[in-house]
Every structure is written in C-alpha cells, then in structure tokens.
Amino acid sequence: EEQQRNEAFEARIDAGDFIEAKDWMPEHYRKTLVRQISQHAHSEIVGMLPEGNWITRAPTLKRKAILLAKVQDEGGHGLYLYSAAETLGTSRDQMLDALHSGKAKYSSIFNYPTLTWADIGVIGWLVDGAAIMNQVPLCRCSYGPYARAMIRICREESFHQRQGYESLLVMMREGTAAQKAMVQDAVNRWWWPSLMMFGPADKDSPNSEQSMRWGIKRLTNDELRQKFVDATVPQAELLGVTLPDPDLKWNAQREQHDFGAIDWEEFWRVVGGNGPCNTERLGTRVKAWDDGAWVREAALAHARKRATEAQA
Ligand code: FAQ
C-alpha cells in the first residue's frame with residue numbers, strides 16, 4: 001500500500017500538481033520541506049538584525065522610513081514562512097527551539113557585519129538580488145503553501161532590491177569621493193558572501209538531486225549563482241563600481257560570465273557557526289525570545305480567560 005501511495009505521489013509530482021497540506025506525502029519530502037522552509041524563515045528573522053543596526057543612524061527621514069518598512073517586511077516574511085512550515089505538522093516552538101539551540105541553520109550571509117551606511121544599499125542590491133534569483137523559482141515549488149507564500153515575498157523583495165540599488169546610485173552620482181569609496185568598499189566585502197548564499201557547488205550539495213526531482217527546487221545552486229552573476233555585472237557597470245574578482249569576465253562561447261573560485265572553507269566555517277557575527281546574532285535572538293516570555297504568557301492568559309467567559 002505504501003508503494004502504491006508513493007507511486008501516486010510521484011505521478012502527481014511528474015504531472016506538475018501542487019501538493020497540499022492534507023495530502024499524503026513521503027516522510028522525506030515532508031522533512032526536506034520543514035528543513036528548507038524553517039531555515040528560510042529563520043533567515044528572514046535573523047536577517048532583520050544587520051539592517052536593524054542602521055535604523056537609528058539612517059542619513060535622512062526618507063531613508064529611515066524605507067529601511068523601517070523593509071525590516072518590517074522581513075519580519076512578515078518570517079511569519080508567513082513559519083506558517084507555511086506549520087502546515088507540515090511542526091510547531092513554531094519546535095522550529096524556534098531548533099534555531100535557539102543552534103541546531104537549525106539560517107543563511108550564512110547574515111553573519112557578516114554592517115560597518116557603514118553603504119552596506120545597507122549593498123544588502124538591498126546584492127543580498128536581496130540573490131534572494132530574488134533563488135526565490136522566484138520557488139513560486140513554482142511543488143508544495144502549495146510554500147509556493148503561495150513565495151509569490152508575495154518575491155514582490156516585496158523586488159522593492160527591497162530596487163531601493164538598495166537606488167540609494168547606491170544616489171551615492172555614486174551625487175556623493176563625495178569618500179561616499180563613493182564607501183560604496184566600493186561595501187561591494188568588496190559583500191560580493192563573495194552573496195555568491196555563497198546559493199549554497200555549495202552542485203557536486204557538494206547533498207540535498208539538491210532529490211529536491212530537484214520532487215520539484216522543491218527548480219534550479220540548482222550553481223545554475224542560480226551563474227544567473228545572479230550574469231544579471232549583476234551590467235548593474236555594477238551602470239553603478240560605476242568594480243566587482244572584486246580578477247577572474248570575472250564574459251565568456252563568448254558559453255554566453256555567460258566566468259568567475260573566480262569561491263572560498264568554500266570560509267563558507268563552511270560560517271555555516272558551522274564560526275563566522276564574524278554568528279554568536280552575536282544568535283545571542284540577540286535568544287535574548288529577544290527570553291525578553292518576550294511575559295508577552296506570550298499574558299496573551300495565553302488572556303485567551304484562556306476569554307474562553308472561560310465564552311463558556312459561562
Ligand atoms: N547558508 O544540499 P544543500 C533572505 C546548508 S534570503 C547556510 O545545497 P539545499 C531574504 C543547507 O541548509 C536567504 N546554510 O541544501 C532577506 C544544507 O544543510 P542541512 C534565505 C546553507 O537546502 C534578504 C547544507 O548546507 N533564503 O532571507 C547555505 O538543497 C535581505 C547543504 O546544502 C532561503 O533560505 C547558506 N547560504 O539548498 C532577508 C531560500 N547554503 O539543512 C533579510 C530557500 C546551503 O542539510 C535581508 N532555501 N546551506 O543541514 C533554498 O533555496 C535552499 O535551502 C538553499 C540550500 C539553496 C539555501
């Protein structure tokens with residue numbers, strides 16, 4: 001019977017059907033989705049921290065309002081994604097517990113520091129740019145609740161990307177020499193970590209093959225990384241910055257850019273918890289959770305009281 005169910009499931013995947021929360025699915029499919037969606041949710045919530053660092057120091061009221069809205073959107077994305085993961089039968093407490101105990105991963109990119117205001121523009125341009133490249137194909141993910149959450153998230157991410165690029169354009173076109181140098185320095189620091197967001201090379205990616213077969217991922221890590229490089233090079237030219245890779249050049253034969261080797265040792269070090277800001281980021285999240293305990297308790301007490309009143 002299990003085999004029949006499996007075959008029927010695979011047939012639905014092959015036909016391009018969306019799988020819904022109450023449908024039968026193999027345990028491994030469920031686990032893979034909980035892993036990916038919860039890690040994605042954690043990335044959004046932890047991803048609020050590097051930018052949150054600059055809200056009080058944004059250079060103008062307009063930039064501050066934009067940044068506040070962006071960081072709020074990220075909180076919202078985390079919430080839709082936790083909800084999508086909950087449809088698979090995992091509670092939010094379980095997922096947060098995994099984050100707080102260091103068991104669950106979140107994107108390596110958020111373990112780097114935001115040293116200057118230009119970092120905020122560069123995060124919008126490169127980090128949100130990479131996120132969109134990775135996330136647009138997830139709108140066609142075979143799991144319906146995840147795919148639907150991704151549609152709204154992608155619309156908001158494209159606003160995030162454009163606000164970042166626009167703020168850099170202003171600095172590069174109207175800024176002082178020092179401001180232009182600040183943009184270039186931020187690009188130099190964020191370029192390689194942005195390429196690492198797409199995950200290990202395909203040959204070192206243990207989850208890709210199965211996730212591609214199940215239509216959880218639609219493009220591989222290397223395919224997405226290449227698309228991102230190709231899309232970003234002309235944007236860098238228009239902006240007037242250089243990308244810190246002497247091996248980056250157009251390959252007329254492949255009709256794609258060649259680019260230099262990624263420092264995978266750095267990648268695994270950061271993923272393994274030993275990047276520049278891992279301890280600080282996790283510490284901030286754990287403290288926020290502990291500080292919020294009274295709010296959760298009060299909300300539960302209020303809900304209980306309302307329920308008793310309704311019964312009486
Ligand atoms: N960082 O076998 P694969 C955002 C782990 S965007 C940390 O290739 P998979 C928006 C991976 O989990 C960022 N860990 O894995 C924003 C696995 O470990 P596990 C979030 C990484 O799942 C912008 C192991 O390495 N976006 O937040 C990373 O097939 C600005 C082997 O890797 C998403 O999460 C990494 N970079 O492919 C917010 C998108 N890469 O779990 C604020 C959805 C790999 O077996 C400001 N996720 N690992 O212990 C995905 O598309 C996939 O999960 C990949 C990884 C592509 C990230």
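Whatever order the structure lists them in is the order used to number ligands and atoms, beginning at 1.
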**Item:** Test log, rule salt bridge (charged side-chain N to carboxylate O under 4.0 Å, His left out), inputs R12 and D23
**Value:** CA-CA 11 Å; R12 288 188 63 193; D23 297 348; 3.0 Å; yes

**Asked** Checking ring-ring contact (aromatic ring centres under 6.0 Å, His included) for the pair H42/Y82: CA distance, chi angles, key distance, verdict?
**Response** CA-CA 9 Å; H42 300 327; Y82 284 126; 5.5 Å; yes

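Checked options I216, D222, N221; the residue passing with S208 is N221 (criterion: side chain to side chain contact (heavy atoms under 4.5 Å, CB included)).
Cation-pi contact between R296 and W289: present, with separation from the ring centre below 6.0 Å and deviation from the ring axis of at most 45°.
The local environment of CD in E10 is crowded, with over 12 non-hydrogen atoms from other residues, nucleotides or ligands closer than 6.0 Å.
The immediate protein surroundings of ligand 1, defined as residues with any heavy atom under 4.0 Å of it, consist of R35, Q36, Q39, H40, S43, E44, G47, E51, K70, E74, K105, Y106, S107, S108, F110, V127, D128, A131, N134, Q135, L138, Y146, E157, M196, M197, F198, G199, P200, S205, P206, N207, K217, N221, F267, W268, V271.
Residues F228 and L138 do not share a hydrophobic cluster, defined by chaining ILVMFWY side chains whose heavy atoms lie under 4.5 Å apart.
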